[in-house]
2 protein chains.
Amino acid sequence: MKSNFNDKQIQILEVAETLFAEKGFDGTSIRNIAKVAKINIAMVSYYFGSKERLLESLIVYRTSDLKNQLENLLQEDLEPIDKINKLIELYINRINSNRGIYRILHFEFTSKKREQNLQAFSELKKGNLKSLETIIEEGQKKGIFRKDVIIPLITPTILGTFFHFHMNKPFFENLLNLKTEDLYNNYIKTNLTKHIQQTIKALLIYES
Amino acid sequence: MKSNFNDKQIQILEVAETLFAEKGFDGTSIRNIAKVAKINIAMVSYYFGSKERLLESLIVYRTSDLKNQLENLLQEDLEPIDKINKLIELYINRINSNRGIYRILHFEFTSKKREQNLQAFSELKKGNLKSLETIIEEGQKKGIFRKDVIIPLITPTILGTFFHFHMNKPFFENLLNLKTEDLYNNYIKTNLTKHIQQTIKALLIYES
DNA sequence: AACAAAACTAAACAAGTGTTTAATTTAAAC
DNA sequence: GTTTAAATTAAACACTTGTTTAGTTTTGTT
């Protein structure tokens, strides 16, 4: 897939991503970005127009191919519960390896302040929800899934669990003895992912 | 309960709370707070020492009595599952009516930048986890709850679900037709709380 | 080699930042 | 009513902010 950004722009975008994720949009200055990226401070305005537009470009740069991955999953020949498990794995993997941008999306695009830029992000979320609905309705038709679940609230449970875990990284590192970055990542890939899969499975199948 | 802050300080703290929650710590200036609170800009330094210390004071001001509420719940004569449901209701209610501060806690206290102030907050979280453990172990002894759940990951599921929902407020307002603030709050109090209770119950009881 | 467009730079811009100062008003104590 | 402490103020401090300017260097094309 062809990117609309040249090497220099990508360099700036990736530095901005780490810094925004670390210190927030307002907490990061253009001089800060310029220093780390080893460019002149004027280059940000030159390439992106403004700091705000740099953020927009960053979103575009990062959220372009999740949609496709999800639609491919829909076509696979799998039982609904396995599709759900794969979807959860896909979500966690993807978000975990793009922590920066998702953190930014959550931090910067919730406030009214930047609501206008929310459009594209909102469309992405609607598409993802549609995919999830398709899978669950399939399972309901087959009589495997219960029918009284509120589907739009499942995404918050999947992503929210991950985010809340990750937002409290220092706390859980300490609590669960995850001393190295590898141990932490491994815990997410195995235990946390399994916990979420277990939770959603129970929610979809359990009859009281 | 006696507060260590006088009326003027509380006035400043509450204005700061709304502004920090709306626009983040870095996005809010002291002049901004002073204008809304109708005080002189020097008053923040006068009363709290600095902007950073104002944030610390705000945390202290807001997170002082959750601990007690939880410990009272532990003593109640209820079935474990009912205690869990009550705990969830307590969490959601409390966080929902103190949205500002919890949002701030999540936004401002995750980055390494402010890690030193994290101590008190971390203690609060550990205490809360202990309470949850007590309830669940009680249910496990009674043979009601399964034993292969990872207890520390239950809080992320409870709180994460709420937060993710609330972080995407504009999205869900639109999706679920929650046109007024009342409708939105009511949805949280009924549907979202029920969804989380249903999820945790299924997770704790379901056997595959 | 000559030209034009793109890439890049240092410097300056006006505006905003948190904090401190020194002076003044208000309140409390005697 | 005088004195002393607390509360409040406007102004100034030094510094950082995002953006623009005007000029220079690099690159690619003919």
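Remember, it's a predicted structure, so these values are computed and weren't measured experimentally.
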(message) Looking at Arg31(A) and dG18(D), is any side-chain donor or acceptor paired with a base atom of the opposite kind under 3.5 Å?
(response)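 Per atom types, the contact qualifies.
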(request) May I ask you to say what Tyr47(B) touches in the nucleic acid, namely base, sugar-phosphate or nothing, with a heavy-atom cut-off under 4.0 Å? (result) sugar-phosphate
(message) Counting the atoms with a prime plus P, OP1 and OP2 as sugar-phosphate, which does Ser29(B) contact under 4.0 Å by heavy atoms, base, sugar-phosphate, or nothing?
(response)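 Since only primed, P, OP1 and OP2 atoms lie under 4.0 Å of Ser29(B), the category is sugar-phosphate.
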Nearest-angstrom distance from the residue atom [atom1] of [X] to [atom2] of [N]:
X: Met43(B); N: dT9(D); atom1: CE; atom2: P; value: 7 Å
X: Ile39(B); N: dT25(C); atom1: CD1; atom2: P; value: 20 Å
X: Lys35(A); N: dT16(D); atom1: NZ; atom2: C1'; value: 13 Å
X: Phe48(B); N: dA7(D); atom1: CZ; atom2: C1'; value: 14 Å
X: Lys38(A); N: dA7(C); atom1: NZ; atom2: C1'; value: 19 Å
X: Leu55(B); N: dG18(C); atom1: CG; atom2: C1'; value: 15 Å

Closest to the [X] side chain, choosing from [options]:
X: Ile41(A); options: dT8(D), dA12(C), dT9(C); answer: dA12(C)
X: Ile30(A); options: dT19(D), dT21(C), dA7(D); answer: dT19(D)
X: Lys51(B); options: dT19(C), dT19(D), dT21(D); answer: dT19(C)

It should be established whether [X] places a side-chain nitrogen or oxygen under 4.0 Å from OP1 or OP2 of nucleotide [N].
X: Lys8(A); N: dC8(C); result: yes
X: Tyr46(A); N: dC8(C); result: no
X: Asn40(B); N: dA10(D); result: yes

In plain terms, say whether [X] and [Y] are close enough for a salt bridge, that is, a side-chain N and a carboxylate O under 4.0 Å apart.
X: Glu138(B); Y: Lys83(B); value: yes
X: Glu89(A); Y: Arg94(A); value: no
X: Arg62(B); Y: Glu17(B); value: yes

(request) State which residues pass side chain to side chain donor-acceptor pair (under 3.5 Å) with Lys130(B); sequence neighbours excluded, sorted by chain then number. (result)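 Applying side chain to side chain donor-acceptor pair (under 3.5 Å) to Lys130(B) gives Glu133(B).
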(message) Can you work out whether Asn32(A) or Gly49(A) has the more 5'-proximal nearest nucleotide on DNA chain D?
(response)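 First, find each residue's nearest nucleotide; the 5'-ward one identifies Asn32(A).
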(message) Nearest 0.5 Å, please: how far is CG in Leu159(A) from CD1 in Ile154(A)?
(response)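 Answer for the CD1-CG pair, Ile154(A) versus Leu159(A), is 12.0 Å.
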